[in-house]
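Computed from heavy atoms alone, side chains included, the values below leave out hydrogens, waters and symmetry copies. For ligands, and for the atoms within them, numbers begin at 1 and follow the listed sequence. Note that the coordinates shown come from a computational prediction; the quantities given were computed from them, not determined experimentally.
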Amino acid sequence: MAVLICGGAGYIGSHAVRALREQGREVVVLDSLRTGHRQSLPADVPFVEGDMRDPAVLDAIFARHTVESVLHFAASSLVGESMQLPLQYFSNNVHGMQVLLEAMVRHGVERIVFSSSAAVYGEPDSVPITEEAPLRPGNPYGESKRIMESMMRWAAAAHGLRYVSLRYFNVGGAAADGSIGEDHRPESHLIPLILQVPLGRRPHITIFGDDYDTPDGTCIRDYVGVEDLIEAHTLALRHLEAGGQSDVFNLGSEQGFSVRQMIETARRVTGRPLPVVVGARRPGDPARLVASSRKAGDVLGWQPRQGVDEIIASAWRWHSRHPAGYKK
Ligand code: UFG
C-alpha cells in the first residue's frame, strides 16, 4: 500500500517523502519537475515525471501501485506571479485538482491530505486567525486554493472521499541535517532571500515597507518549520486512516515575527553582517498574519516545536552547504 505524493520533488513535498520513508511507508512520487528538483529525492524512490492534469499519468500510477492515500503538494504558489498569470494558476491548481479527484474516484482511492494556504483568508479582520474566519482571498493563488478546498468538500459529499486541508502560514527552514531545503528560481521567500546576503549572493535585504501599523513598522508573519509542518501531514494521514472525518486546519506557531525581527535573528544565527535597505511596500501584503493552530493541536495532537531561531539555523545549514541550491 503506497502513498502517492504529488509535487514530491518540491520544497515541502521532498521533506514529506523523506519523513514517510523514515516511517517505513511505501511512497510513489509524481512531479512535473517544472519547479521541483529530482536531486531532492532519494535515488531509489519510485518517481514519475509528469503533469497531474494528464489523466493517463495518474491512471498509470494507480494501475501500477496500490495507492491508499494521496498527499497533494503540486501547485503553483507565487502570489505575485498569480496576479500576472491568473489563468495559468487556475489551470495548474484547480484543473489539476479536478483531474486528481476524478482519478481517485475512478480508482477507489479515498484519502487526501492537501496543502492549502493562509492566502485563502486574505486580509484578516483580526489575529490570530481561526479556521472559521471568512475566506476572502486577495489574489488568484489564494482563490485557487479556496476553490480546491471546495472541490474536495463537494467530491467528499458525493463520492465518499475524506480529506484534510492544511492551511500553511509561512513555511521555512530545512531538514535538520541540512541535506535538503528550499530552492526556488528565482527565490521569492523572505528567509532564503535574507540568507543570500551572508552567503555573498546579494548585497543587502530589502524590507518591503516599514510604515505598516505594527510595532516596528514591518509586516508580521507566523513562521512554521518545514519538519514540524510535515509532522502535521503524517498526523493528518493517521487521522484519516483511523476513520477521522474531513477537516480543515491552520498550521502556524501562533507567534508573529516582523521582517526586522527575522533579519535580526538571521544576524544572530549566522554571525555575519546583514545590510538592510528599506524599499516600497509589496502590493497585496497584509500587515499581520498569525494563525490560531489550536484546532490542529486539539484534533490532530500537533504541536510545532521549532522557533524562528531553529528555523533560520536549519535553513542556514542547507544554504551554506548548497549556496547555489540543487545542481541542475
Ligand atoms: N519580504 C521583504 N523582503 C523580501 C521578501 C519578503 O520584506 O525580500 C517580506 C514580505 O513583504 C512579507 C514577509 O517578508 O511581509 C514574508 O514574505 P514571503 O514572500 O516570504 O511570504 P508571504 O507572507 O508573502 O507569503 C506566504 C507564503 C505564500 C502564501 C502567503 C499567504 O509564502 O505561499 O504567505 O499570504 F500565499
### Query
How is the hydrophobic cluster of Leu289 composed, in terms of its other members, when Ile, Leu, Val, Met, Phe, Trp and Tyr link through side-chain heavy atoms under 4.5 Å apart, directly or indirectly?
Val120, Tyr121, Val127, Ile129, Leu135, Phe169, Ile220, Val290
### Query
Looking at ligand 1, does any of its N/O atoms fall within less than 3.5 Å of an N/O of Asn170?
yes
## Note on the structure
Nearest non-hydrogen protein atom to atom 24 (O) of ligand 1, with distance, is Arg282 NH2, 2.6 Å
### Message
Check for me whether Arg288 meets the cation-pi criterion with Tyr212, that is, NZ or CZ under 6.0 Å from the six-membered ring centre and within 45 degrees of the ring axis.
### Response
no
### Message
Around atom CD of Glu241, are there more than 12 heavy atoms from other residues, nucleotides or ligands closer than 6.0 Å?
### Response
yes
### Task
Output the list of atoms in ligand 1 that are nearer than 4.0 Å to some heavy atom of Ile207, sorted by atom number.
7 (O)
### Query
Nearest to atom 11 (O) of ligand 1, what protein heavy atom do you find, and at what distance?
Asp285 OD2, 2.6 Å
#### Entry: Distance from atom 7 (O) of ligand 1 to nearest protein heavy atom, with residue and atom
Phe208 N, 2.9 Å
### Query
Among Val259, Leu193, Thr206, whose heavy atom sits nearest atom 13 (C) of ligand 1?
Val259
### Query
Hey, is ligand 1 close enough to His189 that some N/O pair sits below 3.5 Å?
yes
### Task
Using only heavy-atom distances, determine whether the side chains of Ser253 and Asp222 contain a donor-acceptor pair under 3.5 Å.
yes
### Query
What are the two closest non-hydrogen atoms of Val197 and Pro203, and how far apart are they?
CG1-O, 3.9 Å
#### Entry: Contact atoms of ligand 1, heavy-atom distance to Cys219 under 4.0 Å
15 (O)
### Query
Do we see a donor-acceptor contact under 3.5 Å between the side chains of His37 and Asp31?
no
### Ligand-residue contact atoms, ligand 1 with Ile205, heavy atoms, under 4.0 Å
8 (O)
### Message
Assess, by modelled atom type and distance only, whether the side chains of Glu149 and Tyr163 contain a donor and an acceptor separated by less than 3.5 Å.
### Response
no
### Message
Distance under 4.0 Å to a non-hydrogen atom of Val79: what atoms of ligand 1 satisfy this?
### Response
36 (F)
#### Entry: Within 45° cone and under 6.0 Å: Arg38 NZ/CZ vs Phe47 ring
yes
### Task
Could you tell me whether Ala119 approaches ligand 1 through its side chain, its backbone, both or neither, with non-hydrogen atoms closer than 4.0 Å?
both
### Query
Any side-chain donor paired with an acceptor under 3.5 Å for Arg18 and Ser179?
yes
### Protein contact of atom 23 (O) of ligand 1 - nearest heavy atom, named by residue and atom, plus distance
Arg221 NE, 2.7 Å
### Query
Counting from 1, what ligand 1 atoms have a heavy atom of Ser188 closer than 4.0 Å?
19 (O)
### Task
Specify the protein heavy atom at minimum distance from atom 35 (O) of ligand 1: its residue, its atom name, and the distance to 0.1 Å.
Leu289 CD1, 3.5 Å
### Task
Under 4.0 Å, heavy atoms only, figure out whether ligand 1 is touched by the backbone of Leu190, its side chain, both or neither.
both
### Task
Would you mind telling me if ligand 1 is within reach of the side chain of Leu78, the backbone, both or neither, using heavy atoms under 4.0 Å?
neither
### Task
With heavy atoms only and a cut-off of under 4.0 Å, state how Tyr141 meets ligand 1: side chain, backbone, both or neither.
side chain
### Task
State the atoms of ligand 1, each with its element, that fall below the 4.0 Å cut-off from a heavy-atom position in Ser77.
33 (O)
### Task
Specify whether Phe249 and His239 have parallel, tilted or perpendicular ring planes, treating 30° as the upper limit for parallel and 60° as the lower limit for perpendicular.
perpendicular
### Query
Atoms of ligand 1 less than 4.0 Å from Ser117 heavy atoms?
29 (C), 36 (F)
#### Entry: Parallel, tilted or perpendicular: rings of Trp318 and Tyr326 (30°, 60°)
tilted
### Task
Could you identify which residues cluster with Leu85, counting Ile, Leu, Val, Met, Phe, Trp and Tyr as linked when any side-chain heavy atoms lie under 4.5 Å apart, either directly or through a chain of such contacts?
none
